[in-house]
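Notes for the one structure printed next.
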Amino acid sequence: MKRRRSIEQSWRKTPTCRASIHYRLGRLLLSLPENDLTPRVRDEARREFEEELKINPRNAGAEYVLGEMARQASDWAQAADHFAKASRLNPAFADAHIGLGRSLISDRKFEEAIKPLEQAVKLQPENPAAHYHLAIAYSRTGRKEEAERESTIFKQASEKARQMKQDVQTGVLGPQKAEP
C-alpha cells in the first residue's frame, strides 16, 4: 500500500502521469503477494480498471484484465463481454481472443468460441493455448478431423515451448551437471 500512496502522490503532482493511472494502480494491486490479495483488494483493483475505462474507454488492457478477473470468478458472460471488447479495441491482442474463446467454451458456446480462437491461432501460431482451446471447440462441435489436427499442433507447440524454455535456462544457467 505504501507503493500505491507514492504513485498517487506523484499522479496528483504531475498531470502527465495521469494517463492510464487507474490501470497502473489496478495492476499494482493485483501484483501483491497472493496472501495479500484479499477479496477487498481484488474489488479495489476491479474498481481501478473500471475507473480507467471511464477515462479511456479504448484501453484494451483494462478490458482484458477485467475479463480475466470475471473468468477467474466463473462469470463467463461478463468475461466474454470484456474479452470481446478488448479484442475489438486491439484486434492483434491474441490473448484477448484466447480469453474470449475460453470463456465461451466454459459457457458451453462452442460454435461461438471457434472464430476468436482461429483468430488467436493466426496471430500466434506458436501459442499452444490457442491450439488447445481450438481443438476443444472443434471437438465439441463435431469437427473431429480439425480437432485432431489442432491437438497435434498443440502437442508440437507445447514441446517446442518446453524445449525453448530448457534452452533459455541452459543459456542463462549453463549446462547443469547431475550430482553423483
(request) Output the distance between atom OH (Tyr64) and atom NE2 (His82), rounded to the nearest 0.5 Å. (result) 13.5 Å
(request) Taking atom types as modelled, find out whether Gln163 and Asp167 have a side-chain donor-acceptor pair closer than 3.5 angstrom. (result) yes
(message) Tell me if the CD atom of Glu145 is crowded by more than 12 foreign heavy atoms within 6.0 Å.
(response) no
(request) Drop me the distance from His131's NE2 to Tyr138's OH, to the nearest 0.5 angstrom. (result) 10.5 Å
(message) Rounded to the nearest 0.5 Å, what separates atom OG1 in Thr141 from atom CD1 in Ile136?
(response) 11.5 Å
(request) Over all heavy atoms of both residues, which pair between Glu52 and His22 is shortest? Give the atoms and the distance, please. (result) OE1-N, 3.3 Å
(message) If I compare all heavy atoms of Pro116 with all of His97, which pair ends up nearest, and what's the gap?
(response) O-CB, 3.2 Å
(message) If I compare all heavy atoms of Ser139 with all of Ala147, which pair ends up nearest, and what's the gap?
(response) N-CB, 3.6 Å
(message) When you compare the side chain of Leu66 with that of Lys85, does any pair of heavy atoms fall below 4.5 Å?
(response) no
(message) As an exercise, state the distance from CD of Glu126 to CD of Gln156, rounded to the nearest 0.5 Å.
(response) 10.0 Å
(request) For a side chain to side chain donor-acceptor pair (under 3.5 Å) with Glu50, tell me which candidate from Lys54, Arg47, Arg46 qualifies. (result) Arg46
(request) Would you indicate whether the side-chain heavy atoms of Arg143 and Ile114 approach each other to under 4.5 Å? (result) yes
(request) Run the numbers on Leu30 and Val65 for side chain to side chain contact (heavy atoms under 4.5 Å, CB included), then give the verdict. (result) CA-CA 10 Å; Leu30 292 178; Val65 176; 3.6 Å; yes
(message) How long is the straight-line distance from OG of Ser106 back to CH2 of Trp76, given to the nearest 0.5 Å?
(response) 4.0 Å
(request) Please indicate whether Arg58 has more than 12 foreign heavy atoms, meaning atoms of other residues, nucleotides or ligands, lying under 6.0 Å from its CZ. (result) no
(request) Check whether any side-chain N or O of Ser151 sits under 3.5 Å from a backbone N or O of Glu148 as a donor-acceptor pair, and report yes or no. (result) no
(message) In the structure I gave you, are the side-chain heavy atoms of Gln119 and Lys122 within less than 4.5 Å of one another anywhere?
(response) yes
(message) Less than 4.5 Å apart, side chain to side chain, heavy atoms only: is that true for Glu48 and Tyr23?
(response) no
(message) Can you confirm whether Gln72 sits close enough to Glu68 that some side-chain heavy atom of one is under 4.5 Å from a side-chain heavy atom of the other?
(response) yes
(message) Between Glu118 and Lys115, does any NZ, NE, NH1 or NH2 come within less than 4.0 Å of an OD or OE carboxylate oxygen?
(response) no
(request) For Arg42 and Glu34, run salt bridge (charged side-chain N to carboxylate O under 4.0 Å, His left out): C-alpha distance rounded to whole Å, both residues' side-chain angles, the deciding distance at 0.1 Å, then the answer. (result) CA-CA 11 Å; Arg42 290 179 197 276; Glu34 189 64 34; 3.1 Å; yes
(request) Determine, using the 4.5 Å side-chain heavy-atom cutoff (strictly less than), whether Val121 and Ile153 are members of one ILVMFWY cluster. (result) no
(message) How long is the straight-line distance from CG of Leu123 back to CG of Asp95, given to the nearest 0.5 Å?
(response) 10.0 Å
(request) Might you point out which heavy atoms bring Leu104 and Ala80 nearest each other, and give the distance in Å? (result) CD2-CB, 4.2 Å
(message) Count I, L, V, M, F, W, Y as connected when their side-chain heavy atoms are under 4.5 Å apart, and connections chain through other members. Are Phe154 and Ile105 then in the same cluster?
(response) yes
(message) Does any part of the side chain of Asn59, heavy atoms only, come nearer than 4.5 Å to the side chain of Glu63, both counted from C-beta?
(response) no
(request) Give a yes-or-no answer on whether the side chains of Gln124 and Asn127 include a donor-acceptor pair shorter than 3.5 Å. (result) yes
(request) Find out whether Phe49 and Arg27 are in side-chain contact, i.e. whether some heavy atom of one side chain is under 4.5 Å from a heavy atom of the other. (result) yes
(request) Return the minimal non-hydrogen interatomic distance between Pro57 and Leu89, and the atom names on each side. (result) O-CD1, 3.6 Å
(message) Applying a strict under-4.5 Å side-chain criterion to I, L, V, M, F, W and Y, I'd like to know whether Phe110 and Leu100 cluster together.
(response) no
(message) If you compare all heavy atoms of Ala96 against all heavy atoms of Ala86, which two are closest, and at what distance to 0.1 Å?
(response) CB-CB, 3.8 Å
(message) I want to check something: taking the side chain as every heavy atom from C-beta on, are Arg71 and Phe83 in contact at a cut-off of under 4.5 Å?
(response) yes
